[in-house]
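Each chain gets a letter, A, B and so on, in the order the sequences are listed, and its residues count up from 1.
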Amino acid sequence: MENVTQEIGKELQDKFGDAIVSQSLIIDFPTFVVKKEKILDIMNFLYDFELYKFQFLTSLCGVHFPDNVKEEEYSVVYQLHDLVRNQRIRLKVFTSESQIQVPSVTSLFSTANWLERETFDFFGIQFTGHPNLVKILNMEDQPYFPMRKQYPLEDGTREDKDDSKFGR
Amino acid sequence: METPVSYVPILIQLGVALGFVVTTIVATHFLGPSRKSKRKLNSFECGIESQGNARVPFSIKYFLVAILFVLFDVEVIFMYPWAVNFKALGTTGLVEMFIFIGLLLLGFFYVVKKGALKWEDK
Amino acid sequence: MNTTDLEKKRAEIEKQGYSILNLGPTHPATHGIFQNILTMDGDIIIDAVPTVGYIHRAFEKLAERRAYYQITTITDRMNYCSSPINNFGWHMTMEKLLGIEVPKRAQYLRVILMELARIADHLICNSVIGVDTGALSGFLYVFQEREKVYEIYEEICGARLTTNLGRIGGLERDFPKKAWDKIHAFIESLPKALDEFETLLSRNRIFMDRTIGAGPISAERALNYGFTGPNLRAAGVDYDVRVATPYSSYEDFDFQIPVGVNGDTYDRFMVRQEEMHQSLSIIKQAIAKLPEGPIHADVPDIYLPPKEEVYNNMEALIYQFKIVMGESNVPAGEVYHSVEGGNGELGFYLISDGGRTPFRLSLRRPCFIYYQAYTEMIKGAMLSDAILTLSSLNVIAGELDA
Amino acid sequence: MSTEKDIIETNVNITKAPEGIEGAGFFATSLDQVVGLARKNSIWPLPFATSCCGIEFMATMASHYDLARFGSERLSFSPRQADLLMVMGTISKKLAPVVKQVYLQMAEPRWVLAMGACASSGGIFDTYSVLQGIDRIIPVDVYVSGCPPRPEQVIDGILRVQELVGKESLRRRNSPEYTELLASYGIE
């Protein structure tokens, strides 16, 4: 698996140069951190890549790193899968809170439509170019983005969970 | 010998029937508990507030099929008396009924030819 | 969209002579809580605007507040028609992160339970397709088989639906003797019930007319929409996680992958029907080749030591205390592991920062991903076909709105 | 071979007649009890099934546990002909107005059964998106605990509702306490 990461990394490095920030092999996933502006071009490139044809977007999710440095506070993780040669890779994109825009990949994968809406619903990451970026799981007029770390999990209207009894 | 008096039982029976229907409908409004509120009385829209009204122009083919059904259903009703005293009416009855059915069959072919029953148009 | 432009949209639609039908949240045909605002021309569907999230319970946020072994109660309630598959999927993700090798016997027992869950899930889906085409009796007969699967779960873990089966590192106990008898009885009775169900529906003239051509989807559109599982196999792509990336010793069993042709409701029905037969043969092979040995790996820091050990030696007591208080040390790292769920590839993407609880757990929920294609599949179809397509996709609200 | 009579004695228990004055060829009892007896053995439930409890309700309705034995054979999915609103599964805040609308559009007299921990108190999902129990929006008559409750528990809940229906006086729905109870939920 290690040489696969090198191969793909080298190909991407030649094509996109410094857009590929770093590459690594995590357990069984070659992982590449890329610049967010280039994500769509990289995915188009990987779509009909000569070594592996990554034509299946397995999953897309957002992550919030509150302690990271300002530019890397929010991240979007894409996982692609080449069904023919059964090879999976993971692409990571980081963005800051102030300009929280990430280019949308719905033009390439229709499955990204709702996944991006869910990521926007949870973290507030704006996907530029998305046909209908509206909250999908929560109510459309929910003022805040619930999955961000600073927001509580509990609903707060439960009386039976009296914190004083739990020493909180 | 029929006198107007001997029709009285029929009138009574009619009165009882109508009376029963009217009283049960009216009585249930007063007997059962009921709670009138605006949200309760407007139409059930799978759990959400209903918007717009349901009086929307529908495509003509629905009405066409309904009317044709009624027409041929009434034809079948005319066959009942014929079937009951089939023996009494004999062959003349048979011929008359065949003419009656033949005419309606002509109508049916006309309907099929004109494509009134074609559902997946467009 | 707020009400004003909803009104504008409605007026403009009605101007073209279409009518708007609300296949709303509480509807007997949707078998769950989904809403579709359909633009209809007569009973042909022109457009559908879906709304989901009616039972969004914030699983991913909940998972960030629970210790690792407590997340099994959440995965139970994702795809509740086949909850053991979700449980073991989560446990295998943790075992992959911690590098635990589960003994062969536990892997085989897990395979048996997962295949039982797959049969139970397909039983509900196919019988609900029968209900939606009007054959209610099929549902009543086939649900009896599902009751037998419930009884097997009860023997093993005491619960019927939300089973909370297994632990990280293996199973909590071996199958009791009564469970084995019930499994053997189930193996005898299922083929008869399946054949009876198939003679009732598969070659039934009305059923075939209703389902062939209802809600078709082509292979590349299915792949573009991220389809996996029986719905993708019905469209003609033979991708199955058990074969692509075998886990829990699935490579020891040989089973075929049924594949459909044009991805419509009839193909999905036949693919699921055939998969039940394949799952049954896997269970038989697993029972035949079941090895002896322990049912959990020897990892005391993550797997609860047995009670008598806890009472009389010190390390077990410390381990017991640390695990129960959730202090079990999980290394920082990230892992993605997917299993073949009842509806497709069920993936767990876990980022852990070494703390008591996961830093981020993202769930790849097949129902959420392939329900997007529903609008495209029912465009131009009749309303009754749209309802059939929905039940043949086997969209489970718990997994969709996780 | 047990005779016909014994079989009836052992397996089938026929509903007992309400107390009343018995005489030669006549039987007199209060209207409440007769109406209660009729209503209690023919409750039409509205299965508001959302998640896991819905599947357990399917098991209760299927042939093994068979809710039809208690007169609730006929499910009505529209609130117009429903007597009992069975809320089963998690109710999120997005779904709360739907539950309230369905309850409002049910004809009086109406009862509510909250099946499962999620419907009764939000259950294990104390999260930002879940309504912590439906008794915050509509009055509930019977709570069935369990996650999901076993079919036997659901049937026990139905029997509890049947007792309530059987004993209810005909004037309860117009009594001031009932109107005040509804007013406390903002239902006029």
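- Heavy atoms only, all atoms of each residue included: C:A58 and D:S129 are closest at N-OG, 4.0 Å.
- Atoms CZ and OG, on C:R77 and D:S51 in that order, are 9.5 Å from each other to the nearest 0.5 Å.
- Here C:I33 contributes atom CD1 and D:I91 contributes atom CD1; the two are 7.0 Å apart, rounded to the nearest 0.5 Å.
- Of all heavy-atom pairs between C:F143 and D:I55, the closest is CZ-O, 4.4 Å.
- Once rounded to the nearest 0.5 Å, the distance linking CG of C:D401 with NZ of D:K94 reads 8.0 Å.
- Interface residue D:A62: backbone and side-chain heavy atoms are both found under 4.5 Å from chain C.
- Proximity to chain C is limited to the side chain of D:T127, based on heavy atoms less than 4.5 angstrom apart.
- Heavy-atom distances place the side chain of C:V128, and not its backbone, under 4.5 Å from chain D.
- Proximity to chain D is absent for every atom of C:S83, based on heavy atoms less than 4.5 angstrom apart.
- In terms of non-hydrogen atom pairs under 4.5 Å with chain D, the most contact-rich of C:D76, C:I74, C:T26 is C:T26.
- At a heavy-atom cut-off of under 4.5 Å, chain C is reached by D:R150, D:P151 from residues 149-185 of chain D, listed in order of number.
- Taking CZ from C:R146 and NE2 from D:H64, the interatomic distance works out to 13.5 Å, rounded to the nearest 0.5 Å.
- Scanning residues 131-141 of chain C against chain D with a 4.5 Å heavy-atom cutoff picks out C:F139, C:L140, ordered by number.
- Residues of residues 69-86 of chain D that come closer than 4.5 Å to chain C, counting heavy atoms only, are D:F77, ordered by residue number.
- The part of C:E154 that comes within reach of chain D is its side chain, from C-beta onward, which places non-hydrogen atoms under 4.5 angstrom from that chain.
- Between chain C and the options D:D126, D:V102, D:I124, heavy-atom pairs under 4.5 Å are most frequent for D:I124.
- Residues in residues 87-144 of chain D take part in these ring-ring contact (aromatic ring centres under 6.0 Å, His included) pairs, two or more places apart or across chains: C:H56-D:Y128, C:F59-D:F125.
- Looking at heavy atoms from C-beta onward, C:Y54 lies out of side-chain contact with D:T50 at the 4.5 angstrom threshold.
- Judged by distance alone, the side chain of C:T162 and the main-chain N or O of D:C147 form a donor-acceptor pair under 3.5 Å.
- Closest heavy-atom contact between D:S92 and C:G53: OG-O, 4.1 Å.
- Both the backbone and the side chain of C:R57 come within contact range of chain D, judged by heavy atoms closer than 4.5 Å.
- For chain C, the option among D:G89, D:A59, D:S63 with the highest count of heavy-atom pairs below 4.5 Å is D:A59.
- Ranked by heavy-atom pairs under 4.5 Å with chain D, the list C:L161, C:I396, C:T73 is led by C:L161.
- Heavy-atom distances place both the backbone and the side chain of C:P28 under 4.5 Å from chain D.
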- Decide side chain to side chain contact (heavy atoms under 4.5 Å, CB included) for D:Y65 and C:E147; before the verdict, give the C-alpha distance in whole Å, the side-chain angles of both, and the deciding distance to 0.1 Å. CA-CA 10 Å; D:Y65 288 96; C:E147 285 289 333; 3.5 Å; yes
